[in-house]
Amino acid sequence: MIRSHEAGTLRPEHAGTTVTLAGWVARRRDHGGVAFIDLRDASGTVQVVVRDLEAVSELRSEWCVKVVGDVRVRPEGNANAEIPTGEIEVVVSELTVLSEAAPLPFQVAEYEPGSVNEEVRLRYRYLDLRREGPARALRLRSRATHLIRTVMEENGYLDIETPYLTRSTPEGARDFLVPVRLQPGHWYALPQSPQLFKQLLMVAGMERYYQIARCFRDEDFRADRQPEFTQLDVEASFVDQEDILELGEKVVARIWSEVHGYDVPTPLPRLTYADAMARYGSDKPDVRFGNELTDLTAYFAGTEFRVFQAPYVGAVVMPGGASQPRKQLDAWQDWAKARGARGLAYILVDEDGSLRGPVAKNLSEEHLSGLAAAAGAKPGDAVFFAAGKKTPSQELLGAARLEIGRRCDLIDESAWAFLWVVDFPMFEPIEDDKGEFQGWHAVHHPFTAPTAESLETFDKDPGNALSNAYDLVLNGSEIGGGSIRIHQKDVQKRAFDAIGLSEEEAQSQFGFLLNAFDFGPPPHGGIALGLDRLVALLGGYETIRDVMAFPKTSTGGDPLTGAPTPITAQQRKEAGVDAKPRSEQPEG
RNA sequence: GGCCUCGUGGAGCAGUUGGUUAGCUCGCCACCCUGUCAAGGUGGAGGUCGCGGGUUCAAGUCCCGUCGAGGUCGCCA
């Protein structure tokens with residue numbers, strides 16, 4: 001090593017020792033005869049004092065330097081309590097410039113972090129990551145992955161890699177495709193997840209598999225979505241749902257305990273999907289606050305009001321919402337319309353308990369009199385209603401509940417609200433543009449096992465079938481999900497039948513997996529945790545871009561490398577992008 | 001694919017109902033300065049306002065288009 005100590009580790013007990021440091025010039029305070037340099041390396045920063053050295057006036061921010069000097073306690077009154085090394089300084093006897101830096105595109109040593117445009121930061125990500133905040137995110141991520149590996153190894157799981165160049169499978173997200181030079185016209189797909197491979201590993205008798213795996217999905221971006229992202233992918237044989245949930249809890253409990261000293265209360269609370277939808281209008285409820293939905297379908301039975309003559313009528317209260325000006329109430333309508341709803345009916349509860357608003361005029365005295373109590377509203381509150389098909393109405397109210405939580409400051413930002421959502425429906429209806437029923441679609445994936453209760457009936461009554469699928473939710477974000485898989489051939493066939501997948505289609509799409517299942521597949525199940533989102537939540541970051549070393553922008557570009565780029569005619573020819581496949585076009 | 005917001009020297013922002021040489025902070029360059037720690041002082045360089053078109057006597061400012069960035073809905077088994 002060309003240095004003897006790390007800058008951020010020096011303390012008063014090092015006083016009197018001669019040290020060699022190497023790092024970057026974070027700041028320079030040149031007083032002429034004496035100059036101070038804040039020397040930064042990965043461990044932190046230390047003040048370096050330079051006297052009567054010509055070279056110091058040449059130094060500029062972010063030059064890479066080596067210094068030799070003596071550590072000493074700072075003179076009386078000059079200590080800086082703000083920084084860990086503030087009691088000492090290094091008096092330099094020798095200064096070497098290791099490399100120079102061009103004028104910076106933005107200030108690396110920023111007084112107010114976060115004030116630089118993200119695109120600029122990404123273009124110079126190597127400078128951005130020199131800063132404490134961004135660097136801390138990657139350190140946190142490394143810590144989390146290390147803890148994950150520790151827990152997985154402790155529990156006897158094998159880290160096994162699966163291919164990134166694989167075959168395109170239908171359903172789910174759009175695949176990223178890779179042309180194959182040796183077979184012009186044929187394409188690999190990048191895996192949306194290692195799902196099928198991990199099931200093959202179960203057939204292979206590996207029994208306990210995990211992988212911190214990169215996944216690829218060609219869909220539009222969000223703050224918590226990137227085209228390539230990382231999952232902790234897990235699969236185990238001879239397990240039931242309880243085993244997987246317990247393992248998932250071990251993982252998050254260890255991480256939160258080590259990182260935050262927070263004891264995750266295990267076993268975690270569980271909500272059925274049906275309860276989550278009924279109470280929170282979401283399959284990933286944020287339970288850091290209450291303000292639950294109320295089901296008023298029965299309450300409004302027999303109402304004259306057309307809008308409320310619906311299969312579901314529900315409500316959510318906005319505390320203090322009665323004092324909102326008309327303009328704001330109109331804004332709620334626009335908000336609801338932006339989510340595809342017709343609007344958001346509301347009633348205002350005045351301080352004297354009387355109800356007003358457009359909807360109030362349409363309700364009978366009988367329905368009005370008990371309404372505030374039925375909805376759980378107090379004087380001064382507003383009540384929002386959704387009426388119509390059950391699930392979309394609940395989702396609208398659930399979104400309203402979250403918006404209310406934010407606007408009314410109901411959310412306990414310091415809370416870690418973990419929970420499992422279980423008993424997901426096995427299928428959901430597919431509807432066309434007009435809302436007409438078209439068929440059934442697997443909610444999780446077509447290999448998800450029905451619950452014991454649904455085993456006999458799931459294909460006869462798909463709408464009510466429940467599956468052995470579960471999601472791990474933290475503070476209103478889904479951080480993982482999985483299921484117990486089907487391992488019996490006849491059950492699998494019935495599941496394919498239910499979603500209208502013929503034997504031929506199943507064979508052509510998943511044939512390799514079905515063939516494997518001819519050879520004594522063990523009962524198995526697993527889970528995948530979204531690592532990026534998990535670390536973002538762990539560290540309080542707003543976007544998963546913060547916890548990725550080189551993330552992409554919302555159009556899939558990387559401002560640093562300039563990817564993606566056009567390819568040359570030669571590359572195009574070699575890749576066989578335009579070649580016709582030898583075999584027939586696949587359907588669809 | 002829809003909707004919303006943003007795009008002004010290297011960075012972050014301001015720019016009033018469209019009206020003279022586009023302003024501020026930081027950074028940059030030069031010089032001064034022996035105890036600062038967001039060091040300080042003096043002086044200086046650097047932008048024609050993402051791009052294209054239009055309205056107007058006059059556009060950073062209004063309109064249309066386009067590109068880029070962010071958010072959101074759709075989408076994401």
Side-chain angles (χ1 to χ4, degrees), chain A residues 26-39 45-52 56-57 60-62 74-83 85-86 89 91 101-124 127-128 169-175 192-193 195-196 215-227 229 334-341 395-396 399 403 424 426-428 430 433 440-448 467 469 478 481 483 495 499 501 509-510 528 530 542-543 545 552-555 557 559:
Chain A
R27 279 206 164 84
R28 188 177 61 105
R29 295 178 290 281
D30 190 349
H31 292 242
V34 63
F36 303 94
I37 298 164
D38 291 338
L39 184 75
T45 302
V46 72
Q47 172 164 290
V48 154
V49 186
V50 185
R51 284 176 200 279
D52 305 320
V56 76
S57 63
R60 292 295 179 270
S61 292
E62 299 307 317
R74 290 193 189 183
E76 187 74 26
N78 279 304
N80 183 351
E82 303 288 312
I83 56 171
T85 59
E89 61 191 9
V91 183
L104 303 171
F106 55 84
Q107 284 164 260
V108 171
E110 236 188 342
Y111 179 62
E112 200 169 336
S115 64
V116 180
N117 182 282
E118 195 175 350
E119 194 183 355
V120 180
R121 287 172 44 205
L122 294 185
R123 185 176 315 138
Y124 299 94
L127 290 178
D128 187 37
T169 51
E171 299 222 337
R174 203 172 291 114
D175 284 324
Q192 295 176 24
S193 79
Q195 179 63 37
L196 300 174
C215 305
F216 306 86
R217 293 179 192 175
D218 186 8
E219 295 293 341
D220 287 2
F221 288 59
R222 286 285 188 288
D224 61 357
R225 224 189 285 164
Q226 284 266 308
F229 59 98
D334 296 336
W335 174 89
K337 280 171 190 161
R339 327 190 141 248
E395 283 171 346
L396 178 64
E403 192 61 31
F424 273 78
M426 206 163 160
F427 307 103
E428 63 191 353
I430 308 169
D433 296 342
W440 297 100
H441 174 259
V443 169
H444 192 61
H445 61 60
F447 312 108
T448 300
S467 67
E478 179 198 327
S483 67
I499 57 172
L501 197 67
Q509 292 172 6
F510 311 109
E542 289 189 7
T543 143
R545 291 189 297 273
K552 292 176 176 57
T553 67
S554 71
T555 48

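Just so we're clear, the structure is a prediction, and the values are computed from it rather than from any experiment. Letters A, B, ... are given to chains in the order of the sequence lines, protein chains preceding strands, and every chain is numbered from 1.
- Atom-to-atom, CZ of Arg27(A) to C1' of C37(B) comes out at 9 Å; the value is rounded to the nearest Å.
- Of the candidates C75(B), G71(B), U36(B), the closest approach to any side-chain atom of Arg545(A) belongs to G71(B).
- Listed for the His31(A) side chain is no donor-acceptor partner under 3.5 Å among the backbone atoms of Gly33(A).
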Legend entry - Check against salt bridge (charged side-chain N to carboxylate O under 4.0 Å, His left out), Arg29(A) and Asp38(A): CA-CA 9 Å; Arg29(A) 295 178 290 281; Asp38(A) 291 338; 2.9 Å; yes
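- Nucleic acid contact for Glu82(A): none, since no nucleic acid atom lies under 4.0 Å from a heavy atom of the residue.
- On the C1' atoms, A58(B) is 11 Å away from U20(B), given to the nearest whole Å.
- Rounded to whole angstrom, the span from the CG atom of Leu122(A) across to the P atom of G70(B) amounts to 8 Å.
- Which of A11(B), G70(B), C73(B) sits closest to the side chain of Arg339(A) comes down to C73(B).
- Taking atom P in both G68(B) and G50(B), the straight-line distance is 16 Å, to the nearest Å.
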Legend entry - Per-nucleotide protein contact string for nucleotides 27-34 of chain B (B base, S sugar-phosphate only, - none; heavy atom under 4.0 Å): S-SS--BB
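- Straight-line distance between the C1' atoms of U25(B) and A14(B): roughly 11 Å, to the nearest whole Å.
- If you check A59(B) for Watson-Crick or wobble pairing at under 3.5 angstrom, you find it has no partner at all.
- Among the heavy atoms of the strands, none lies under 4.0 Å from Ala109(A).
- The pair Arg28(A)-Asp30(A) meets the salt-bridge criterion, with a side-chain N (NZ, NE, NH1 or NH2) lying under 4.0 Å from an Asp/Glu carboxylate O.
- Atom CG in Asp175(A) sits roughly 15 Å away from atom C1' in C75(B) (whole-Å rounding).
- For Gln192(A) and C75(B), the CD to P distance is 16 Å, given to the nearest whole Å.
- Contact between Thr543(A) and Ala223(A) at its shortest, heavy atoms only, is OG1-O, 3.3 Å.
- Map Pro105(A) and Gly86(A) each onto its nearest nucleotide of RNA chain B; the residue landing nearer the 5' end is Pro105(A).
- Pro559(A) is not listed as a side-chain neighbour of Lys552(A), based on a closest heavy-atom distance of 4.5 Å or more.
- Side-chain atoms of Glu219(A) come within 3.5 Å of backbone atoms of Arg174(A) as a donor-acceptor pair (strictly under, hydrogens ignored).
- G19(B) and A59(B) have their P atoms separated by 11 Å, with the value rounded to a whole Å.
- As rounded to the nearest Å, A38(B) and A45(B) have P atoms that lie 30 Å from one another.
- Checked against the 6.0 Å centroid threshold, Phe216(A) and Phe229(A) do not count as a close aromatic pair.
- Separating the P atom of C6(B) from that of C31(B) is a span of 44 Å, rounded to the nearest Å.
- Per the geometry, CZ belonging to Arg123(A) stands 12 Å off P belonging to G10(B), to the nearest Å.
- Rounded to a whole angstrom, the distance from the P atom of C3(B) to that of G65(B) is 10 Å.
- By the side chain to side chain donor-acceptor pair (under 3.5 Å) test, Arg27(A) is found to be paired with no residue, residues two or more places apart in sequence or in another chain being considered.
- Look at U17(B): it lacks any Watson-Crick or wobble partner with both distances under 3.5 angstrom.
- Residue Asp220(A) contributes atom CG, which lies 12 Å from atom P of G71(B) at whole-angstrom precision.
- Under the Watson-Crick and G-U wobble criteria, each requiring two contacts below 3.5 Å, nucleotide G9(B) is left unpaired.
- Of all nucleotides present, only C29(B) satisfies the Watson-Crick or G-U wobble test against G43(B), with each distance under 3.5 Å.
- Within the nucleic acid shown, Arg222(A) comes within 4.0 Å of at least one base atom, counting heavy atoms only.
- Across the strands present, C3(B) finds its partner in G71(B); the criterion is a Watson-Crick or G-U wobble pair with both atom distances under 3.5 angstrom.
- The residue Glu89(A) sits close to a base: some heavy atom pair falls under 4.0 Å.
- You'll find a donor-acceptor pair under 3.5 Å spanning the side chain of Asn80(A) and the base of C37(B), going by distance alone.
- Counting non-hydrogen atoms under 4.0 angstrom, Ala26(A) reaches nothing in the nucleic acid.
- Here the CH2-CD distance, from Trp440(A) to Glu428(A), works out to 9.5 Å after rounding to the nearest 0.5 Å.
- The side chain of Arg29(A) contributes an N or O atom lying less than 4.0 Å from OP1 or OP2 of A39(B).
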Could you write out each protein N or O paired with an N or O of nucleotides 66-68 of chain B at a distance under 3.5 Å?
from	atom 1	to	atom 2	distance (Å)
G68(B)	O2'	Glu119(A)	OE2	3.3

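- The CZ atom of Phe106(A) sits 10.5 Å away from atom CG of Asn117(A), with the distance rounded to the nearest 0.5 Å.
- At a cut-off of 3.5 angstrom, the base of G7(B) holds no donor-acceptor pair with the side chain of Asn117(A).
- The separation of G47(B) from G12(B), taken at their C1' atoms, amounts to 15 Å, rounded to a whole angstrom.
- In this structure, Asp224(A) atom CG and C75(B) atom P are separated by 16 Å, rounded to whole Å.
- If you check every strand for non-hydrogen atoms under 4.0 Å, Pro75(A) touches a base.
- Between the side chain of Arg225(A) and the base of C76(B), at least one donor-acceptor pair of N or O atoms lies under 3.5 Å.
- Atom CZ in Phe36(A) sits roughly 14 Å away from atom P in G40(B) (whole-Å rounding).
- Remark: side-chain polar atoms of Arg217(A) are paired, donor with acceptor, to backbone N or O of Gln192(A) under 3.5 angstrom.
- Residue Glu219(A) has its side chain nearest to C76(B) when only U36(B), C76(B), A38(B) are considered.
- Under the 4.5 Å side-chain criterion, counting only non-hydrogen atoms from C-beta, Val116(A) is not in contact with Tyr124(A).
- The shortest distance between side-chain heavy atoms of Trp335(A) and Glu403(A) falls below 4.5 Å.
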